[in-house]
Amino acid sequence: MWTYLVRKMISTIPIILGVALIIFVLFNMIGGDPTYQMLGKHANPKLIAELRHEYGFDKPKYLQFVNYLKQIVTFDYGRSYATKQKISSMIFNGVEPTLSVAVPAFIITTLMAITMGLIVAYFRGTWIDRIVVIFCVIGMSVPSLAYILFGQYFLAYKVGLFPISGYESVLPNRIEFVLMPILIWFSVSLGYDVRFFRTAILEETNQDYVRTARAKGLSETKVLFKHILKNSMVPIVTNVVIEIPLLILGSFLLESFFGIPGLGSITIDAVHNSDFPVIKAMATIVSILYIFGNVATDIIYVFMDPRVSLK
Amino acid sequence: MENEKILDVKNLKTSFFTEEGEVKAVDDVSFSVYSGKTLGIVGESGCGKSVASLSIMRLIPTPPGKIKSSEIIYKGKNLLTLSSREMRSIRGNEISMIFQEPMTSLNPVFTIGNQIEETIRLHQHLSRNSTKDKAIEMLKLVGIPAPEKRIKDYPHQLSGGMRQRVMMAMALSCNPQILIADEPTTALDVTIQAQILDLLKNLQKKVGMALILITHDLGIIAETADTVVVMYAGKVVEHAQVKEIFANPKHPYTRGLLNSIPTLNKDPTGKIKKKRLETIPGIVPSLLNLPQGCRFQDRCPYTIDACKQKEPELSEIASQPEGLHLIRCVRDI
C-alpha cells in the first residue's frame with residue numbers, strides 16, 4: 001500500500017513538469033510581454049527595460065523556467081501586478097470564502113444526487129423516473145446565469161429572503177451570504193449528477209449477476225441496495241472524487257456575482273486586469289490538485305473493487 | 001418421491017413487446033417435470049428455451065416481456081398467481097437456477113462465501129456459524145478444493161469451471177426440489193463440461209431433485225436426460241423419452257439436429273471415413289414474421305402443400321414403446 005502510494009506520487013512528477021512546461025510556454029513565451037501593458041502605449045524604453053529587469057524578463061528563458069519551478073516548490077508565486085500583494089497570501093485568504101460555498105454545496109448535491117439516482121433507478125421505466133429525468137434535463141439546460149439573476153432579483157430583491165450579494169467573514173453572519181450561492185450551485189449541478197448516477201446504476205441492472213441475485217429469491221430493494229449499488233459505486237466515486245480538488249477554484253460566476261472574495265473572484269479579477277502571475281499561479285495550483293485527485297481515485301478503487309490490487 | 005409429477009407447465013405463452021411488434025418467444029409450450037428425473041430442452045439459439053425456463057422462475061424482465069397465459073403448477077400451486085413475496089420464497093429455495101455465463105453470473109465485488117451464505121441466510125434460519133459451515137459444506141459438495149480458504153475468494157480469482165461450481169453450490173444450498181440449468185456447460189471447455197455434467201448427475205442422485213437441463217448439445221441430452229422436449233421457433237415440435245428420440249426421431253427438425261452431429265466412422269480397413277457434415281439449410285424464421293402453416297416448412301426436406309396451409313397440432317403418434325411421444329408434423333416419415 002505505502003510503496004504503491006510512494007510510487008504513484010513519484011509518477012506524478014513528470015506529469016507536473018509537463019503541465020508546468022505547458023503553462024510556462026503559454027504565459028512566458030506566447031503570452032507576450034506584460035510590461036508593455038503595464039506601462040501603457042507610450043512607455044519610456046528605459047522604464048520598460050527597468051521593469052523587465054525587475055520581473056526577470058531579461059533573463060534567458062531556461063532560467064525563467066527554473067525560477068517558475070522554484071515558485072511551484074516553495075509556493076511563492078511572487079507579487080500580483082495589479083494589487084502588489086503577495087500571491088501566496090492572496091490565495092490563502094481566498095480559500096476560506098471559496099470553500100464555505102463549495103464544500104457544503106458539493107456535499108449536499110452529491111448526497112442528494114446519489115439518493116435520487118437510486119430512487120429513480122428503483123422506479124426505472126415508470127412515470128416517476130420519467131418526470132425526474134425531465135426535471136433534470138430542464139435543470140441542466142437553464143444556464144447558471146439565469147439562476148443567479150432570478151435569485152438576486154426575485155428571492156433577494158423582491159422577496160428579501162437573502163442578501164443580494166456580499167460576504168462576511170464572521171461565521172454566523174457569513175451563513176446568510178453563502179446560502180443563495182449554495183442553493184444555486186445545487187440547482188445547477190443536481191440535474192447533471194442525478195442523470196449521471198442514474199445511468200451508472202442502470203448500467204449495472206442488466207448485468208448477469210443481478211439476474212443471479214433475483215434467482216436467489218432476494219427482494220428488489222436488496223438487489224438494488226446491496227448488489228447493484230456496490231458495483232455502481234466505482235463510476236460514481238470516480239466522478240465525485242475527481243471533482244473535489246476543483247472545488248478550491250469555486251465557481252467563477254457565483255463568486256463574482258455574489259461578491260464572495262474567494263479564489264474564483266480572484267481569478268476572474270486577475271483575468272480582467274491581465275494579472276499574469278496570479279492567473280499563472282491559479283492555473284498551476286488547480287492542475288496539480290487535479291493530478292492528485294486522479295491519484296486519490298486510483299487508491300480509492302482498491303476499496304471499491306476487489307479486482308483492483310495495488311502492486 | 002421418485003416419479004412424482006412436481007412441476008407442470010401448461011400452455012406457457014411468453015411474449016416480448018418490442019417496437020416492431022409482439023415477439024412470441026414461447027408460444028404454447030407444455031411439459032411436466034418429475035422428481036428425480038431430468039427433462040432436457042433442446043433447440044437452436046432463440047428457440048425460446050431460455051425464456052421458458054426464466055418464465056418458470058418468473059424472472060422475465062417486465063416490460064418488455066410478459067407471460068401472457070399459462071399455468072405453472074408446482075406442488076398444487078400456480079406459480080404465476082403467487083404474490084412476489086411468495087415467489088421469492090420459492091426462488092433459490094425450492095426452485096433454483098444456474099446460468100450459461102459462469103464468468104459474469106457472480107457478483108464481482110462480494111466474496112463467493114458471502115454470496116452463498118446470502119442464499120442460505122435468506123431461506124434457512126441458521127446461526128451465523130452454521131451458515132458459514134453450510135456454505136463450506138456446499139463448496140465441498142461441488143468439488144472445490146480447500147473450501148475453508150476459497151470461501152474468502154472473489155469470483156475473479158476462480159476459473160470459469162470453478163465459478164460454475166460456485167453457482168451450483170449456491171443453487172443447491174437450500175436443497176431445491178427443482179434445479180433449472182440453462183446451458184450450464186456452454187461457456188466451458190470440453191473437459192470441464194464433462195466434469196460439471198457428472199457433478200450435476202451425481203448431485204441429482206444424492207439430493208433427489210428434478211433437473212431441467214437446457215442445451216443445444218444433443219450429446220449432453222443423450223447422457224443426462226430422461227425426457228426430451230425439442231423446441232423450434234417458440235413451439236415444441238417433438239416430445240418423447242430420450243431413447244425414443246435417439247432411436248426413432250419423428251420430426252424432420254429433430255432428425256436434422258441428429259444428423260448434424262459430426263461422426264467418426266471407420267471403414268473396414270480402419271481408416272476414418274470422411275463424411276460431409278449434414279446441416280439444416282436456411283435459418284430460423286424471424287418470430288416477427290412467421291410463415292403461415294408449419295414454422296419449419298422453409299427448411300424442411302419433406303414439405304408438402306399441407307404444411308403451408310395450417311400449423312400442425314402437437315399430437316401423439318401411434319407406435320410408442322417408450323411412453324408418450326408427441327410430434328408437431330403432418331407427415332409420417
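Chain naming here is simple, since letters A, B, ... match the order of the sequence lines and numbering starts at 1 in each.
Using a 4.5 Å cut-off between heavy atoms, B:Met87 makes no contact with chain A at all. Looking at A:Met233, neither its backbone nor its side chain comes within 4.5 Å of chain B, counting heavy atoms on both sides. Contact annotation for B:Leu122: only side-chain heavy atoms (C-beta onward) come within less than 4.5 Å of a heavy atom of chain A. For B:Gln157, no part sits under 4.5 Å from any heavy atom of chain A, backbone or side chain. Heavy atoms of B:Leu54 lying under 4.5 Å from chain A belong exclusively to its side chain.
Residue A:Phe135 qualifies as open at atom CZ: its count of foreign heavy atoms under 6.0 Å is 12 or below. The number of heavy atoms from other shown groups lying within 6.0 Å of CD (B:Gln124) is above 12. Other residues, nucleotides and ligands contribute more than 12 heavy atoms inside 6.0 Å of the NZ atom of A:Lys230.
No donor-acceptor pair closer than 3.5 Å links the side chain of B:Thr104 to the backbone N or O of A:Asp208. B:His123 places a side-chain N or O within donor-acceptor distance of the main-chain N or O of A:Lys216, the cut-off being under 3.5 Å.
The shortest non-hydrogen separation linking A:Pro306 to B:Pro108 is CG-O, 3.3 Å. Between B:Met167 and A:Thr212, the shortest heavy-atom contact is CE-CG2, 3.6 Å. For A:His227 against B:Phe110, the heavy-atom pair with the smallest separation is CA-CE1, 4.1 Å.
Listed options A:Lys226, A:Glu220, A:Met304, A:Arg214 were ranked by heavy-atom pairs under 4.5 angstrom with chain B; first place goes to A:Lys226. For chain B, the option among A:Lys222, A:Arg211, A:Gln207 with the highest count of heavy-atom pairs below 4.5 Å is A:Arg211.
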